[in-house]
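As the structure is a prediction and not an experimental result, all values here were calculated from the model. Numbering starts at 1 and runs along the sequence shown.
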Amino acid sequence: MRYGLSPSPATGSHELRLSGAGLELAATCHGACDAPATVLFAHGFGQTRRAWTASAARVVAQGYRALAYDARGHGGSDRNPADQAYTAQQFIDDLIVVAGELPQPPVLVAASMGGLFGLSAEARWPGLFRAMVLVDITPRWEPEGMQRILGFITAFPDGFASLDAAADAIGAYLPGRARKSEAALREVLRQQPDGRWHWHWDRRLVDELARDGERHQEDLANAARAVRCPLMLLSGGRSDLVSDDTVTEFLGLAPHARHVRIAGATHMLAGDDNDRFTATLLDYLGELDGMGPTGRRAASCDPASVNGAFP
């Protein structure tokens with residue numbers, strides 16, 4: 001069930017409540033709600049749907065509808081009840097429900113955590129997505145990079161005394177980025193009754209979901225092996241989570257996948273170089289438009305041109 005989604009052709013952004021697997025998810029529909037093709041954006045751990053706003057606007061300008069949602073336990077989406085632990089399967093089920101209710105299979109653009117759940121969802125429900133774009137994530141990842149991420153998100157259990165203090169901490173973690181504005185900080189932080197600012201996501205997610213991710217890597221590798229829809233991996237040239245080794249293994253699991261490396265970008269690829277990220281995505285969407293609904297290029301075209309990896 002959707003709340004607030006109108007079938008009218010009006011453009012702009014519309015805030016929605018989507019049904020997930022047993023709870024409601026906050027979402028934003030960008031562009032015409034009756035556009036024939038949808039790009040579905042799924043964020044990474046600790047992010048919200050707002051991470052995709054700039055890219056969504058450019059996708060809409062090319063005639064697509066863009067739908068971005070907050071994963072359970074994040075942003076404006078519902079949290080699990082206190083007596084229900086978070087599991088990867090719940091997030092996969094949410095994605096299947098959201099994508100499965102769309103009129104046509106969407107193109108999934110998914111960062112990090114969202115990409116892993118996307119691989120599992122497509123393997124479980126073949127044809128759920130028209131195509132997939134994985135943003136700096138592979139079924140296996142570099143453990144040092146994961147430890148750095150976990151170290152940062154768990155470093156402030158008491159929150160921040162002010163938004164300026166939070167901006168300082170984020171700036172130290174992401175050097176070279178512009179200092180986050182107050183509006184941007186309010187998207188990722190929530191002020192508690194004691195006046196301190198805490199991350200927007202449920203703190204239970206770290207222990208119940210993120211810490212044991214490595215035990216799922218074999219299942220994720222099998223999921224990648226099973227995916228048959230068009231598939232592109234975008235990686236950051238300075239990512240400490242995705243490396244040459246993990247990319248090589250991924251392309252062995254999914255030999256039809258394409259790989260594009262965006263030099264200078266870290267794991268936070270879409271935020272580091274949004275212009276190039278979005279331009280690469282739009283090129284890929286344009287290529288998909290030359291394919292049929294199953295993602296197969298017309299017979300007059302050389303299929304080798306869309307297979308394999310390139311730097």
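Between Tyr86 and Phe91, the ring-plane angle classifies as tilted under the 30° and 60° cut-offs.
Residues Gln90 and Asp94 have side chains that never bring a donor and an acceptor to within less than 3.5 angstrom of each other. Defined by atom type and a distance below 3.5 Å, a donor-acceptor pair is missing between the side-chain atoms of Glu187 and Thr48.
Under a 4.0 Å N-O distance rule, the pair Glu15/Arg49 qualifies as a salt bridge. A salt bridge does not link Glu144 to Arg148: none of the charged nitrogens lies less than 4.0 Å from a carboxylate oxygen. No salt bridge links Glu214 with Arg140; every basic N to acidic carboxylate O contact stays at or beyond 4.0 Å.
Ring centers of Tyr69 and Trp52: at least 6.0 Å apart, outside the cut-off.
Within 6.0 Å of the CH2 atom in Trp199, the count of heavy atoms belonging to other residues, nucleotides or ligands exceeds 12.
Scanning all heavy atoms of the two residues, the minimum distance from Arg179 to Asp168 falls at NH1-OD1, 2.8 Å. Shown here for Ala131 and Leu288, the closest heavy-atom pair between the two residues is CB-CD1, 3.6 Å. Leu116 and Pro139 make their closest contact through CD2-CA, 4.3 Å (heavy atoms, listed as atom of the first residue, atom of the second, distance).
Hydrophobic cluster membership differs between Trp141 and Leu253, with clusters built from Ile, Leu, Val, Met, Phe, Trp and Tyr side chains linked at under 4.5 angstrom.
Side-chain contact between Leu174 and Phe152: absent, with no pair of heavy atoms (C-beta onward) separated by less than 4.5 Å.
At least one donor-acceptor pair closer than 3.5 Å links the side chain of Arg203 to the backbone N or O of Pro157.
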Please evaluate residues Arg130 and Thr38 with respect to the criterion side chain to side chain donor-acceptor pair (under 3.5 Å), reporting the C-alpha separation (whole Å), side-chain torsions for both, the decisive distance (0.1 Å), and the verdict. CA-CA 10 Å; Arg130 182 186 177 201; Thr38 299; over 6 Å; no
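For the side chain to side chain contact (heavy atoms under 4.5 Å, CB included) test, residues two or more places apart in sequence or in another chain that qualify with Thr266 are Arg238, Met268, Asp272.
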